[in-house]
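From a predicted model like this one, the values you see are computed outputs, not experimental measurements. Positions are given from 1 along the sequence.
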Amino acid sequence: MVTQREMRTPAEMVAGLKRHIKPEWKVAFFSTLLLGLLTHMPIMLSDIPNHDGLGSMYFDQNMITSGRWFLMVACGFSSFYTLPWLIGLIGLFWLACTSVVLTEIFKLKDTLVITLVGGLLVTFPALASTFAYVFTLDGYMLALFLAVLAVYFVGRFRYGFAAGAVCLAFSMGIYQAYLPFAILLSLYSIVMLATEEGTVKEKIQGALYYLYMGGIGSVLYYVILRVLLLLQGKELASYQGISGMENVASEGLLASLIHMYRDFFSFTVKGNVLFHNPFSLAALVILVVLTMVTAAQMFFSRKWWKKPLFFVIIGLLIAGCPLATNVILLISPNVTYHLLMRYQWILYPILMIAFVSHYGSCQRTGVLISWALSLAGIVMVFCYLVTDNIAYSNLEKRYEKTYAYCIRLLDRIEQTEGYYQDIPIAIVGVVGYDQFPLTDITQDVTSGMIGISGEQDVLLYTGANYQEFMKNYLGATLNFLSPEETSDIYYSEEYIAMESFPGATSVQIIDGILCVKTENTGR
């Protein structure tokens with residue numbers, strides 16, 4: 001029984017914790033938080049929805065049919081309302097904690113290197129795309145933190161794979177896309193383990209612990225998923241191929257592996273995200289060169305050419321990294337692999353910085369390597385920061401164009417002869433550009449950033465988008481019909497003969513239904 005004298009006040013507990021907080025942790029946490037605020041403040045202080053956000057102003061996040069059985073809990077703390085500032089702060093808090101854990105995994109000591117690792121993590125454009133879906137951001141960042149924490153537990157404690165497995169299961173229960181983060185960090189940790197002193201048996205045992213964590217965590221995730229689906233009487237949805245988790249067959253495996261390699265190199269080289277201008281490309285090339293130089297120096301100084309195991313490890317690493325990065329394609333080959341699911345690519349520059357900073361400083365050229373490493377990292381962080389803010393500026397302009405467009409459209413609808421409140425309205429959702437020239441100038445920068453890109457000047461993709469925008473932003477509740485109810489109208493001669501908005505015949509009442517044609521006239 002705990003006596004009153006043994007109990008500690010909150011102030012005493014905080015003071016006790018402060019004595020155990022390393023200076024490196026403080027640098028990692030606060031530098032990541034500060035850079036995150038500087039980068040993402042524009043969208044955190046605004047209500048700038050994307051097309052999905054229009055219908056998610058209040059969303060309970062019950063996504064168990066997509067395998068996300070813990071997402072509802074993870075996002076519930078900030079309420080189920082879209083509150084960009086609060087959700088953004090919570091998300092950045094989890095990212096700052098992730099940066100602290102990465103500092104421990106990589107055993108970083110240098111203040112600038114720690115700041116660069118956190119800076120890359122918090123400015124990578126995949127995070128900007130996630131901010132465009134801000135209603136799930138805090139939950140997703142918790143999932144990322146748990147995935148990284150799982151790897152830390154394995155390396156920190158003898159039987160940490162058990163706690164790591166639990167963390168991985170709950171991470172996947174929020175969002176499965178961060179599994180590659182845990183796999184890549186585990187691979188790096190295993191390689192570093194192989195370079196350290198110790199017997200072969202100890203190294204194999206250490207590597208197996210990471211395998212135990214991944215295997216037990218995945219099984220635990222799936223068991224909990226099946227139990228919860230059974231209790232709720234639901235089945236996995238076909239969305240994003242998630243139901244394919246239950247039927248991953250061996251036939252076609254070679255084709256899937258080839259697809260994974262092709263996608264990896266295609267996105268890395270042509271994705272316009274990892275690098276998108278000459279400065280970020282030069283910085284990335286410098287990091288690659290520094291990594292190769294450092295590895296070569298270690299190769300000769302430690303006489304690794306005498307150890308056949310070294311060549312086996314390097315071969316497996318080169319072959320395995322693309323597969324680990326794209327493991328989601330093995331589970332769901334037909335998944336729409338958008339930028340939110342490609343956050344793990346930022347680990348490559350982060351791992352290069354961690355590796356070079358840890359081993360490069362020990363070489364004769366340590367000072368030169370340190371300068372080149374620092375400058376390359378700073379350039380990449382700044383380039384990513386600029387890209388994110390270009391994307392946010394683009395999203396804001398898309399919202400303003402959508403607002404102006406819907407104001408005009410709503411006025412035409414309400415002024416149509418025969419219009420009355422609750423009249424059935426048929427609208428497709430596509431906005432024609434024959435009448436509205438494109439004004440977006442960010443295509444080259446934002447083309448790969450789903451949810452925030454400049455592919456379309458407005459936020460409207462479906463009839464439901466019109467309904468949600470007019471209701472939530474214009475205060476007009478209209479009776480829009482579902483796509484199933486409008487299919488016959490869409491192919492009717494009367495509809496085909498109509499002009500596209502803002503043409504004179506673009507809004508007409510046909511058989512008691514107010515038809516609005518917004519698509520290009522040449523269909």
Legend entry - Side chain Thr136, main chain Tyr133, donor-acceptor under 3.5 Å: yes

Inset, instruction - Report yes or no: does Gln344 contribute a side-chain atom to a donor-acceptor pair with the main-chain N or O of Met341 at less than 3.5 Å? - result: yes

Inset, instruction - Indicate yes or no: at least one non-hydrogen side-chain atom of Cys515 is less than 4.5 angstrom from one of Ile489. - result: yes

Legend entry - Side-chain H-bond candidate by donor/acceptor type, Glu396 with Ser393, under 3.5 Å: no

Legend entry - Min side-chain heavy-atom separation Leu127-Leu137 under 4.5 Å: yes

Legend entry - Check: Leu395 and Leu459 side chains under 4.5 Å, non-hydrogen atoms: yes

Inset, instruction - May I ask you to decide if the ring planes of Trp345 and Phe267 are parallel, tilted or perpendicular, using 30° and 60° as cut-offs? - result: perpendicular

Inset, instruction - Decide if the gap between the ring center of Phe59 and the ring center of Tyr81 is smaller than 6.0 angstrom. - result: no

Inset, instruction - Any chance you could measure Tyr466, atom OH, to Leu54, atom CG, to the nearest 0.5 Å? - result: 11.5 Å

Inset, instruction - Say whether Ser506 and Arg412, considering side chains only, have a donor N or O and an acceptor N or O under 3.5 Å apart. - result: yes

Legend entry - Crowding at CG, Asp511 (>12 non-hydrogen neighbours, <6.0 Å): no

Inset, instruction - State whether the side chain of His40 and the backbone N or O of Val122 hold a donor-acceptor pair below 3.5 Å, judged by distance alone. - result: yes

Inset, instruction - Over 60° means perpendicular and under 30° means parallel, so classify the ring planes of Phe124 and Tyr384, tilted if in between. - result: perpendicular

Legend entry - From OG (Ser66) to CG (Leu71), nearest 0.5 Å: 9.5 Å

Inset, instruction - Looking only at non-hydrogen atoms, find the nearest pair between Ser171 and Ala147 and report the distance. - result: OG-CB, 3.6 Å

Legend entry - Side chains of His338 and Ser129, donor plus acceptor under 3.5 Å: no

Legend entry - Inter-residue atom distance Leu179.CG - Leu168.CG, 0.5 Å rounding: 6.0 Å

Legend entry - Tyr419 OH: over 12 foreign heavy atoms closer than 6.0 Å: yes

Inset, instruction - Verify the distance criterion only: is there a donor paired with an acceptor across the side chains of Asp388 and Thr39 at less than 3.5 Å? - result: no

Inset, instruction - Could you tell me the separation between the CG atom of Leu185 and the CG atom of Leu351, rounded to the nearest 0.5 Å? - result: 6.5 Å

Inset, instruction - Classify the ring geometry between Tyr178 and Phe181 as parallel (under 30°), tilted (30 to 60°) or perpendicular (over 60°). - result: perpendicular

Legend entry - Asp263 and Asn326: side chain donor to acceptor below 3.5 Å: yes

Inset, instruction - Using only heavy-atom distances, determine whether the side chains of Glu519 and Tyr490 contain a donor-acceptor pair under 3.5 Å. - result: yes

Inset, instruction - Output the distance between atom CG (Leu385) and atom CG (Leu120), rounded to the nearest 0.5 Å. - result: 11.5 Å

Inset, instruction - Report yes if some heavy atom in the side chain of Phe77 is under 4.5 Å from a heavy atom in the side chain of Leu142; otherwise report no. - result: no

Inset, instruction - Would you kindly say whether Tyr473 and Glu468 are connected by a side-chain donor-acceptor distance under 3.5 Å? - result: no

Inset, instruction - For this output row, return yes or no: ring centroids of Phe135 and Phe80 closer than 6.0 angstrom. - result: no

Inset, instruction - Check for a donor-acceptor pair, side chain of Gln508 on one end and backbone N or O of Leu514 on the other, with a separation under 3.5 Å. - result: no

Legend entry - Flag side-chain contact, heavy atom, 4.5 Å: Leu281 against Asn277: no

Inset, instruction - Decide yes or no for Leu460 and Thr402: does some side-chain heavy atom of the first lie under 4.5 Å from some side-chain heavy atom of the second? - result: yes

Legend entry - Stacked cation flag Arg68 on Tyr175, 6.0 angstrom / 45 deg: no

Inset, instruction - Just say parallel, tilted or perpendicular for the rings of Phe265 and Tyr261, cut-offs at 30° and 60°. - result: parallel

Legend entry - Side chains of Phe382 and Val379 in contact at under 4.5 Å (non-hydrogen atoms): no

Legend entry - Lys517 charged N/C atom sitting above Tyr495 aromatic ring, 6.0 Å / 45°: yes

Legend entry - Atom pair CD (Glu494) and CD1 (Ile513), whose distance is rounded to the nearest 0.5 Å: 11.0 Å

Inset, instruction - May I ask you to test the Ile427-Thr518 pair for a side-chain heavy-atom distance under 4.5 Å? - result: yes

Legend entry - Test of ring centre spacing under 6.0 Å for Trp69 and Phe170: yes

